[in-house]
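Keep in mind that what you see is a predicted model, and the values were worked out from it rather than measured. Starting from 1, each residue takes its place in the sequence as its number.
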Amino acid sequence: SRSAATIVGGLALGYDRETAVEFSFLLAVPTMLAASGLDLVKSGHAFTSSQFGVLAVGFIVSAFVAGAAIVWLLRFVRNHDFTGFGIYRMIAAVAYFLLIK
């Protein structure tokens with residue numbers, strides 16, 4: 001994933017875990033905004049005015065939830081390493097390949 005690549009790249013360059021994770025989140029903002037903006041430009045004509053209101057509420061709620069998740073993860077990374085997450089990802093990858101086989 002993009003976030004894993006940027007975190008591993010930051011760690012390989014000698015940055016601490018918190019800085020690598022923060023950099024990964026900072027890179028996500030323009031990526032997500034650009035992808036969402038492109039999708040809105042391509043399909044925005046299909047929305048009604050009431051649907052734009054729902055879209056705006058969803059955007060605002062997701063921004064607050066994402067901010068809370070970032071704050072929590074940065075606190076978590078200060079005190080924990082990525083070993084548990086790495087093990088989880090390896091188990092998930094094996095399970096995925098066994099299920100699609």
Side-chain angles (χ1 to χ4, degrees):
S1 71
R2 177 208 41 83
S3 59
T6 56
I7 291 170
V8 169
L11 293 174
L13 291 172
Y15 294 108
D16 61 275
R17 287 189 312 262
E18 186 177 358
T19 302
V21 170
E22 190 172 342
F23 177 68
S24 179
F25 281 127
L26 288 174
L27 282 179
V29 171
T31 305
M32 299 296 181
L33 285 175
S36 298
L38 178 62
D39 192 31
L40 192 57
V41 166
K42 286 184 174 181
S43 61
H45 59 82
F47 287 104
T48 64
S49 60
S50 65
Q51 290 172 327
F52 274 110
V54 172
L55 183 65
V57 170
F59 177 81
I60 292 167
V61 170
S62 67
F64 280 114
V65 171
I70 290 169
V71 168
W72 177 84
L73 185 61
L74 287 174
R75 279 193 202 134
F76 181 83
V77 167
R78 281 185 204 125
N79 301 315
H80 300 84
D81 63 10
F82 294 119
T83 305
F85 182 69
I87 292 168
Y88 153 73
R89 294 298 297 170
M90 287 187 268
I91 292 169
V94 169
Y96 175 76
F97 284 116
L98 291 175
L99 291 174
I100 65 167
K101 192 173 182 183

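In the hydrophobic cluster analysis, where Ile, Leu, Val, Met, Phe, Trp and Tyr join through side-chain heavy atoms closer than 4.5 angstrom, Phe25 is grouped together with Phe76.
No more than 12 heavy atoms of other residues, nucleotides or ligands lie within 6.0 Å of CZ in Arg89, so this atom counts as exposed by the packing criterion. Phe23 CZ: 12 or fewer foreign heavy atoms inside a 6.0 Å radius. The 12-atom threshold is exceeded at CZ of Phe52, counting heavy atoms of other residues, nucleotides or ligands nearer than 6.0 Å.
Residues passing the ring pair (Phe, Tyr, Trp, His ring centres under 6.0 Å) test with Tyr15: none are found, sequence neighbours excluded. Legend: residues meeting salt bridge (Lys or Arg N to Asp or Glu O under 4.0 Å) with Arg75, ordered by chain and number and at least two apart, are absent.
Pairing each heavy atom of Arg17 with each of His80, the nearest pair is NE-O, 2.9 Å. Summarising the geometry of Ser24 relative to Ile7, their closest heavy-atom pair is CB-CG1, 3.8 Å, with the distance given to 0.1 Å.
For the atom pair CZ (Phe82) and OH (Tyr88), the distance works out to 14.5 Å, reported to the nearest 0.5 Å. Of the inter-residue distances, the one linking Leu40 atom CG with Leu33 atom CG reads 11.5 Å to the nearest 0.5 angstrom. A distance of 12.0 Å separates CG in Leu13 from OG1 in Thr19, rounded to the nearest 0.5 Å. One finds the CH2 atom of Trp72 at 10.5 Å from the CG atom of Leu74 (value rounded to the nearest 0.5 Å). A distance of 11.0 Å separates CD of Glu22 from CG of Leu73, quoted to the nearest 0.5 Å.
Counting only residues at least two apart or on different chains, no salt bridge (charged side-chain N to carboxylate O under 4.0 Å, His left out) pair has a member in residues 61-73.
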